[in-house]
Amino acid sequence: MTHQVLARKWRPRDFESLVGQDHVVRALSHALATQRLHHAYLFTGTRGVGKTTIARILAKALNCETGVSARPCGRCAACTGIDAGRFVDCIELDAASNRGVDEMTQLLENAVYAPTAGRYKVYVIDEVHMLSTHAFNAMLKTLEEPPPHVVFVLATTDPQRVPVTVLSRCLQFNLKNMSPAAVASHLATVLSAEGVAFDRGALDRIGRAAAGSMRDALSLLDQAIAYGGGEVREPAVREMLGVVDAAWLVRILDALLAGDGAALVGLADEMLAGNAPFERTLADLAALLQRIALAQVGAIADADDPAVLQRLAAAIAPEDLQVWYQIVIHGARDLPLAPDAHAGFTMVLLRLLAFGPDRGGIEAAAPPPATGRAQRVPVRAAPAHAASSGPSSGPSGGASGGVSGGAAPAARSDDEPAAAGGVQAGPGNAPAAQFDGDWPALAARLQVGGFVQQFMHQSELIEADGLRFRVRVPIRPLSEPATVKRVREALGAHFGAPVRLEVEVGRVGQETAAAASARERVERQAQAQAAIDADPFVRTLIEDFDGSIVPGSVRPIDGRNAISGDEA
């Protein structure tokens with residue numbers, strides 16, 4: 001077999017070709033240049049980041065026939081022998097297979113003898129944490145005071161399992177996981193040298209899938225070349241990795257923003273027909289939400305389509321984004337508990353819809369039209385089959401008029417005030433504070449939290465008569481008696497008098513505090529962008545230095561439209 005896998009063919013042979021470990025290269029290069037060498041090194045890091053590779057390069061640097069330096073020639077007998085794994089004075093030991101005290105004792109007995117062909121005997125012990133306790137104890141004395149011609153290079157993926165007595169005798173270097181961008185850049189170099197056609201997007205996907213391991217990335221690249229028939233193209237790589245098409249994720253978020261439950265269910269069915277990996281879809285959706293959150297704070301993340309990322313960052317409220325993120329990651333965790341993956345995924349999408357405060361959750365069979373902010377809206381009679389959570393459904397029971405169209409029945413707590421007209425005079429018959437008709441403004445003034453805050457921000461006023469309120473909420477949990485009771489108590493404390501509160505479940509319109517907040521946020525963002533675009537100083541910088549405004553970097557400050565200078 002003449003073919004050599006890319007992970008072996010492109011293994012770095014010197015420090016200059018090593019990718020992503022500049023801090024280690026700098027320290028070792030200075031030590032070799034100044035001859036300030038340590039007798040024991042410990043390299044830690046996850047698989048495929050270069051621990052054994054650096055150990056071999058160090059062995060070549062110590063034994064190269066041209067002298068000890070950070071730039072071994074790569075052509076002498078010592079360098080070629082170490083690369084081929086046959087240099088007699090570079091001893092590589094797999095601690096997983098040779099973990100006992102007998103193997104360690106034999107190694108230490110041979111260490112006292114002078115090198116046969118090189119300057120130093122270099123012992124490379126891989127996965128050193130697998131050694132037994134007795135083996136560690138046997139090597140302590142030699143590891144602390146080895147013969148002058150011996151250098152130990154230990155490597156491990158689990159430094160916590162290495163005894164402190166060993167760690168204290170070694171010079172330790174922590175190798176970093178390589179970034180997806182660095183991995184993709186190196187893969188592009190490899191493919192260009194190999195003469196293989198590729199898409200940059202395909203390499204970005206492989207870079208992310210490699211999770212920081214260059215060896216894993218090169219192995220995936222070999223697989224991608226075979227899978228793509230000698231080319232590395234994004235559609236083939238996406239199919240090979242089981243990566244979800246980003247367009248599906250964007251369509252999910254667009255359907256959530258539109259409050260379109262039918263579209264979400266249709267998307268789940270479409271993905272099932274396309275054999276989409278639902279667990280991976282939820283992971284990718286969580287990653288997309290994280291990138292959107294970064295974009296919202298001006299920390300632009302790498303993205304295949306920055307314009308789409310910016311559009312979603314402007315359209316989704318930050319508080320909604322955080323709720324959605326929690327729902328997605330918990331949905332991914334609970335997916336194995338569902339009857340099947342498709343059912344579990346569909347329920348996660350519907351849960352996202354139910355907790356979208358700008359929309360009304362799952363639309364009722366015949367939702368009533370949005371009525372807007374009104375001081376007096378006629379109350380429709382409840383159907384005969386509608387049930388109330390209180391003891392009575394008439395006006396004196398405090399729960400009448402709770403159903404309109406296909407909305408759910410009204411809900412209230414058991415101790416709802418029962419006085420006709422809904423308002424009882426305060427102490428000493430003092431008049432209660434007046435409601436000005438602005439429900440979103442009232443929601444903003446109330447100092448409440450938790451479900452009470454969610455109730456006030458997501459609810460829509462249907463009717464107000466003095467201190468008697470009938471409101472609609474988008475999801476049933478907000479109509480629970482305990483929640484309604486706490487809301488009524490908060491309103492009563494605000495107005496200084498008892499309050500009647502009737503609640504129904506159904507689709508809300510755009511007259512909620514959450515919707516008003518979203519509109520205000522969009523308007524402020526537009527004004528901020530316009531202010532920056534029109535700023536003379538900014539225009540001068542752009543024209544004189546051929547600059548541009550970074551998309552998504554303009555944000556309103558402190559609730560004002562001023563963006564820069566003293567106005568900010």
Side-chain angles (χ1 to χ4, degrees), residues 7-8 10-95 107-108 110-111 114-129 139 142-157 159 162 166-167 169-176 178 214-215:
R8 294 186 61 189
W10 285 89
R11 170 173 260 171
R13 310 292 182 183
D14 49 45
F15 287 129
E16 286 79 5
S17 59
L18 197 67
V19 178
Q21 308 298 344
D22 295 340
H23 64 298
V24 179
V25 170
R26 186 185 306 113
L28 293 179
S29 296
H30 290 168
L32 290 165
T34 59
Q35 301 294 304
R36 297 179 65 86
L37 301 173
H38 203 272
H39 60 267
Y41 296 89
L42 175 64
F43 297 135
T44 66
T46 58
R47 78 274 180 269
V49 294
K51 300 183 296 295
T52 306
T53 296
I54 294 178
R56 291 180 180 178
I57 297 174
L58 180 60
K60 289 196 292 184
L62 293 173
N63 286 296
C64 181
E65 293 178 2
T66 61
V68 176
S69 73
R71 291 182 174 83
C73 69
R75 298 182 299 273
C76 66
C79 289
T80 56
I82 291 173
D83 284 336
R86 59 172 182 265
F87 190 66
V88 67
D89 290 323
C90 181
I91 301 97
E92 295 190 20
L93 181 69
D94 176 20
L107 180 149
L108 298 175
N110 293 331
T116 302
R119 295 183 192 86
Y120 292 91
K121 274 190 172 181
V122 181
Y123 288 93
V124 180
I125 305 178
D126 202 8
E127 299 300 334
V128 69
H129 65 272
M139 71 182 298
T142 305
L143 190 63
E144 183 176 11
E145 297 177 356
H149 57 266
V150 171
V151 174
F152 287 98
V153 182
L154 314 180
T156 178
T157 56
V162 178
V166 173
L167 295 176
R169 289 165 166 81
C170 299
L171 200 61
Q172 184 172 347
F173 293 96
N174 297 312
L175 276 66
K176 301 182 296 185
M178 279 160 275
M214 186 63 75
R215 183 174 63 228

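Since the model is a prediction, treat every value here as computed from it, not as a measurement.
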Give a yes or no on whether the backbone of [Y] and the side-chain of [X] come within a donor-acceptor separation of less than 3.5 Å.
X   : Y    : value
S29 : R26  : no
H23 : N174 : yes
D89 : Y120 : no
H39 : P148 : no
D14 : S17  : yes

Any side-chain heavy atom of [X] sitting closer than 4.5 Å to one from [Y]?
X    : Y    : value
F152 : T142 : yes
L175 : K51  : yes
L28  : Y41  : yes

Interatomic spacing from [atom1] in [X] to [atom2] in [Y] - rounded to 0.5 Å:
X    : Y    : atom1 : atom2 : answer
C170 : L143 : SG    : CG    : 4.5 Å
R119 : L62  : CZ    : CG    : 8.5 Å
L18  : R13  : CG    : CZ    : 12.5 Å
L42  : H129 : CG    : NE2   : 11.5 Å

Query raised in the report: Does a salt bridge link D83 with K60, judged by any charged N lying under 4.0 Å from a carboxylate O?
Result: yes
Query raised in the report: Can you name the closest pair of heavy atoms from A70 and L32 and give their distance?
Result: CA-CD1, 3.9 Å
Query raised in the report: For N110, what residues pass the side-chain contact (heavy atoms from CB on, under 4.5 Å) criterion, not counting sequence neighbours?
Result: Q106, Y113, Y123
Query - Within 6.0 Å of CZ in R47, more than 12 heavy atoms from elsewhere - result: yes
